[in-house]
Amino acid sequence: MDKFLKSQADNTVPYRVAVLQTALALCIGAVLLPMLGVAAASSAVLAGGISALSTWYTGRKVFNSRAKNVEQFVRNLYLAHIMKLLLVIALFCIVFSSIQVNFPVFVSTYAATITLYGWALVKTEQAARG
């Protein structure tokens, strides 16, 4: 576990996942633009942006922490995920109250980016095991 507390290589994983999430959301938005219009495309991009931002934030908080032992690392991990949840809720509220979104597209794109996040973490774990 000690190698994960200070590893710079593992620090880049959340950033790469956030970039992948952003790229997926932009692709979905580009596909939906001619089919369903601007509202659907912008809903997809906003949902992916929220997902990517929360992934980036969590990775930054977890891997840039100054945890000196496993207990501190786990505490930082839980705190980062609680803050991520609060960030997502706040951004959802801002988006839903300020612009008209295509709700099914928004939720579907968010689910797709979260699925990508899970898939990337599994692949990273498999690569770490060799």
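Along the sequence shown, residues are numbered consecutively beginning with 1. Values below: all heavy atoms of this structure, side chains included; hydrogens, waters and symmetry mates excluded.
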Is any side-chain heavy atom of [X] less than 4.5 Å from a side-chain heavy atom of [Y]?
X     : Y      : result
Val62 : Asn76  : no
Val88 : Tyr110 : yes
Phe73 : Lys68  : no

Worksheet entry | Trace of the side chain to side chain contact (heavy atoms under 4.5 Å, CB included) decision for Val31 with Met35 | CA-CA 7 Å; Val31 167; Met35 293 174 22; 4.1 Å; yes

Determine the minimum heavy-atom distance between [X] and [Y], stating which atoms define it.
X     : Y      : answer
Val45 : Ala25  : CG2-O, 4.0 Å
Gly29 : Ala41  : O-CB, 3.3 Å
Leu32 : Ala40  : CD1-O, 4.2 Å
Gly48 : Thr109 : N-CG2, 4.2 Å
Ile94 : Ser97  : O-OG, 3.3 Å

Please determine whether residues [X] and [Y] belong to a single hydrophobic cluster, defined as Ile, Leu, Val, Met, Phe, Trp and Tyr linked transitively by side-chain heavy-atom distances below 4.5 Å.
X     : Y      : result
Leu36 : Val101 : no
Val95 : Val107 : yes
Tyr15 : Leu26  : no
Ile99 : Val105 : no

Discussion item. Go through it in stages, so that I can follow the logic: the residues are Arg16 and Val19, the test is side chain to side chain contact (heavy atoms under 4.5 Å, CB included), and I'd like the CA-CA distance, side-chain angles, deciding distance and then a yes or no.
Written reply: CA-CA 5 Å; Arg16 288 187 301 215; Val19 168; 5.6 Å; no

Practice prompt. Determine the interplanar angle of the Phe96 and Phe103 rings, folded into 0 to 90°, and report it as parallel if under 30°, tilted if 30 to 60°, perpendicular if over 60°.
Written response: tilted

Worksheet item: Between Phe106 and Phe92, how do the two ring planes meet: parallel, tilted or perpendicular, split at 30° and 60°?
Response: perpendicular

Please round to the nearest 0.5 Å and tell me the distance separating atom [atom1] of [X] and atom [atom2] of [Y].
X     : Y      : atom1 : atom2 : answer
Thr55 : Leu116 : OG1   : CG    : 8.5 Å
Thr58 : Leu79  : OG1   : CG    : 10.0 Å
Leu46 : Ser51  : CG    : OG    : 12.5 Å
Leu85 : His81  : CG    : NE2   : 10.0 Å
Ser54 : Ile114 : OG    : CD1   : 5.5 Å
Leu91 : Leu86  : CG    : CG    : 11.0 Å

Worksheet item: Would you say Gln21's side chain and Thr113's backbone share a donor-acceptor pair under 3.5 angstrom?
Response: yes

Worksheet item: Is Lys84 positioned over the aromatic face of Tyr117, cation under 6.0 angstrom from the ring centre and no more than 45 degrees off axis?
Response: yes

